[in-house]
Amino acid sequence: MKKFLFLTLILLTACNNSEDYTPSIYKLDINQTVTDEENVNLEPTNQSNIIFTKYSWVQTCGTQQLLTTQNKESISLSIMAPRLEKDEKYCFDFNGVNNKGDEYTTKVILNVVSPSLEVYVDHASLPTLQQLMDIIKSEEKNPTTQRYISWGRIHPTIEQMKELNITSFVLGSNHTTSELVQAIVKQAQTKHRLNVKLSSNTAHSYYNLIPILKALNTFNNVTVTNIDLYDDGSAEYVNLYNWKNTENKIYNLQLGKASLEDVISGVTENFSGSAMASIYNWQQLYSTKYHFLRKDYLTLEPSLHELRDYLGDSLKQMQWDGFKKFDVKQKELFLSIVGFDKQKLQNEYNSSDLPNFVFTGTTVWAGNHEREYYAKQQINVIDNAINESSPYYLGKSYDLFFKGHPGGGIINTLIMQNFPKMIDIPAKISFEVLMMTDMLPDAVAGMASSLYFTIPPEKIKFIVFTSSDTITDRETALQSPLVQVMIKLGIVKEENVLFWADLPNCETGICIAA
């Protein structure tokens, strides 16, 4: 609930036979947003030293009369916002005169709106960061709004959740749980009307949104006002690459829309369309924004122009400048929630005159080796970057930093133990936070990840691809959907794509070709 006050003092000249006194006129404007059935107390002025000889309240707009006899006889106005079928404005005027002849005028506008519920579901990092920025912005405008989160990577404290009016729910297999759905249903059951905003991970939006939408579909008093979907990372782009040459794209999307409607309404239990149709049809049913990590991919790839046009105005470019627009308190709250000590990293950057290089690690990949084996492979990649005898030497000395994968565990520990002078950036911190806070290093390289979609290409030295069931050497890595997308977007050049098994062995301090 936000209240806007405007106070105007107007001096009027008057003469009195015994003494000169200039009565004053005090004007106060209050513009306040409240929800259905919310109790509202309005103070026309600071009354501690004021003795009114006469005063009155008058209601000047609104379809229901909210002033009672008791209200009219009170200096402070106490009312309950009415239960409405649609948002409405209510206006009240207070006029009072004190024992000195000073006049006090207060004009109140109450904007009575539907109660709101915001629901945020994501198991990854990138969408959760965007959702957290949305929550902090929303709290400033709508502090009374109830917010439900179900996150896998970021976990606010009890105090932080209280400040942002958040209730947290666990994820089940990275998706929406029945507990979260039941809580949303309870809100719908206890409110005369309810606006619901949903936010999720695009790639997983079907499994995150369907349980909620099916449950809400039975309530006539609930309006799903909007859906915000944020790219999971590279997953959407691999899917788009694999789908781009599919025939009859729009026809299949339209079939998918009909199936999506049937699932939400309960006509059918299972979705019968393609995976792409399940995640790129929400805008056909609800007010939806797709926040693409790289919106331009749908333009750069001619075979995806149909999808670009199908999404229309719902297609948006993901923004990363939200943090810069926060005030000091909001910035401190954001950094506290994500666990990032910006000043500490800045001090580490400034500890020497050398430029800064961050190596980005990964967790395990395909194969039957122990996790220690994968740690050794990443250690070898770092050795190649900093060893002058390696063909992949960075070209000059850097202060070395390591940003491990949040799920790296013992892999991250072993890598750090091998480089005593390397500075650790806590693995739990999303790399995108460095970009949001203007803390990107001078150079970055490491294991292939969606984080490279957000890094300026001039900072990227090389990207290393790892073994999988389909990637067995550099040639197959170059032909992989992810590399093809990254090259198409100008994220990396072909010569800067490496395959981990092709790198020389640097265990002896001299890099020897395998």
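All values derive from a computational prediction rather than experimental measurement.
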With no hydrogens and no angle check, just 3.5 Å: does a side-chain donor-acceptor pair link [X] and [Y]?
| X | Y | result |
| --- | --- | --- |
| Thr225 | Asn195 | no |
| Gln346 | Lys342 | no |
| Ser274 | Asn252 | no |
| Thr167 | Gln146 | yes |
| Thr454 | Trp320 | no |
| Asn347 | Gln343 | yes |
| Ser259 | Ser272 | yes |

Heavy-atom side-chain contact between [X] and [Y] under 4.5 Å:
| X | Y | result |
| --- | --- | --- |
| Gln32 | Leu42 | yes |
| Tyr286 | Leu209 | no |
| Ile471 | Thr466 | no |
| Phe401 | Leu434 | no |
| Val492 | Tyr452 | no |
| Leu333 | Leu164 | yes |
| Thr246 | Met276 | no |
| Asp399 | Tyr349 | no |

Determine, using ring centers only, whether [Y] and [X] are less than 6.0 Å apart.
| X | Y | answer |
| --- | --- | --- |
| Phe419 | Phe402 | no |
| Phe271 | Tyr206 | yes |
| Tyr290 | Tyr280 | yes |

Legend entry - Cationic tip of Lys376 above Tyr373 ring, under 6.0 Å, 45° of axis: no
State whether the side chain of [X] and the backbone N or O of [Y] hold a donor-acceptor pair below 3.5 Å, judged by distance alone.
| X | Y | answer |
| --- | --- | --- |
| Ser430 | Val433 | no |
| Lys403 | Ala427 | yes |
| Gln284 | Asn281 | no |
| Gln378 | Thr362 | yes |
| Asp36 | Ala81 | no |
| Glu37 | Pro82 | no |
| Asp232 | Ala235 | no |
| Arg294 | Leu489 | yes |
| Lys459 | Pro441 | yes |
| Ser336 | Glu332 | no |

Exercise: identify the closest heavy-atom pair between [X] and [Y]:
| X | Y | answer |
| --- | --- | --- |
| Ser138 | Arg147 | OG-NH2, 3.0 Å |
| Asp438 | Lys324 | OD1-NZ, 3.2 Å |
| Asn221 | Ala188 | ND2-O, 3.0 Å |
| Thr177 | Gly172 | CG2-N, 3.2 Å |
| Asp231 | Met318 | N-CE, 3.7 Å |
| Leu315 | Lys295 | CG-CG, 3.9 Å |

Ion pair check, [X] and [Y], cut-off under 4.0 Å:
| X | Y | answer |
| --- | --- | --- |
| Lys214 | Glu269 | yes |
| Asp228 | Lys316 | no |
| Arg193 | Asp87 | yes |

Exceeds 12 heavy-atom contacts within 6.0 angstrom, atom [atom1] of [X]:
| X | atom1 | result |
| --- | --- | --- |
| Tyr207 | OH | no |
| Asn220 | CG | no |
| Lys289 | NZ | no |
| Asp327 | CG | yes |

Inset, instruction - Measure the acute angle between the ring planes of His175 and His204, then classify it against the limits of 30° and 60° as parallel, tilted or perpendicular. - result: tilted
Inset, instruction - Kindly assign one of parallel, tilted or perpendicular to the pair Tyr237 and Phe453, based on the angle between their ring planes and the thresholds 30° and 60°. - result: tilted
Inset, instruction - Might you work through the side-chain contact (heavy atoms from CB on, under 4.5 Å) test for Val497 and Ile463, ending with a clear yes or no? - result: CA-CA 5 Å; Val497 176; Ile463 297 175; 5.6 Å; no
Which distance, rounded to the nearest 0.5 Å, do you find between the [atom1] of [X] and the [atom2] of [Y]?
| X | Y | atom1 | atom2 | value |
| --- | --- | --- | --- | --- |
| Ile154 | Ser125 | CD1 | OG | 6.5 Å |
| Ile184 | Leu180 | CD1 | CG | 4.0 Å |
| Asp321 | Met435 | CG | CE | 9.5 Å |
| Thr190 | Gln187 | OG1 | CD | 5.0 Å |
| Ser114 | Glu85 | OG | CD | 10.5 Å |
| Ile264 | Asn217 | CD1 | CG | 7.0 Å |

Inset, instruction - Let me see the working for Val121 and Leu171 under side-chain contact (heavy atoms from CB on, under 4.5 Å), right down to the final yes or no. - result: CA-CA 8 Å; Val121 184; Leu171 285 170; 3.8 Å; yes
Legend entry - Thr128 vs Tyr230, side-chain contact (heavy atoms from CB on, under 4.5 Å): CA-CA, chis, key distance, verdict: CA-CA 9 Å; Thr128 303; Tyr230 295 97; over 6 Å; no
Legend entry - Identified side-chain contact (heavy atoms from CB on, under 4.5 Å) partner of Val444 from the options Phe359, Phe357, Phe431: Phe431
Inset, instruction - Take Leu293 and Glu236, measure what side-chain contact (heavy atoms from CB on, under 4.5 Å) needs, and give me the verdict at the end. - result: CA-CA 9 Å; Leu293 190 56; Glu236 287 84 358; over 6 Å; no
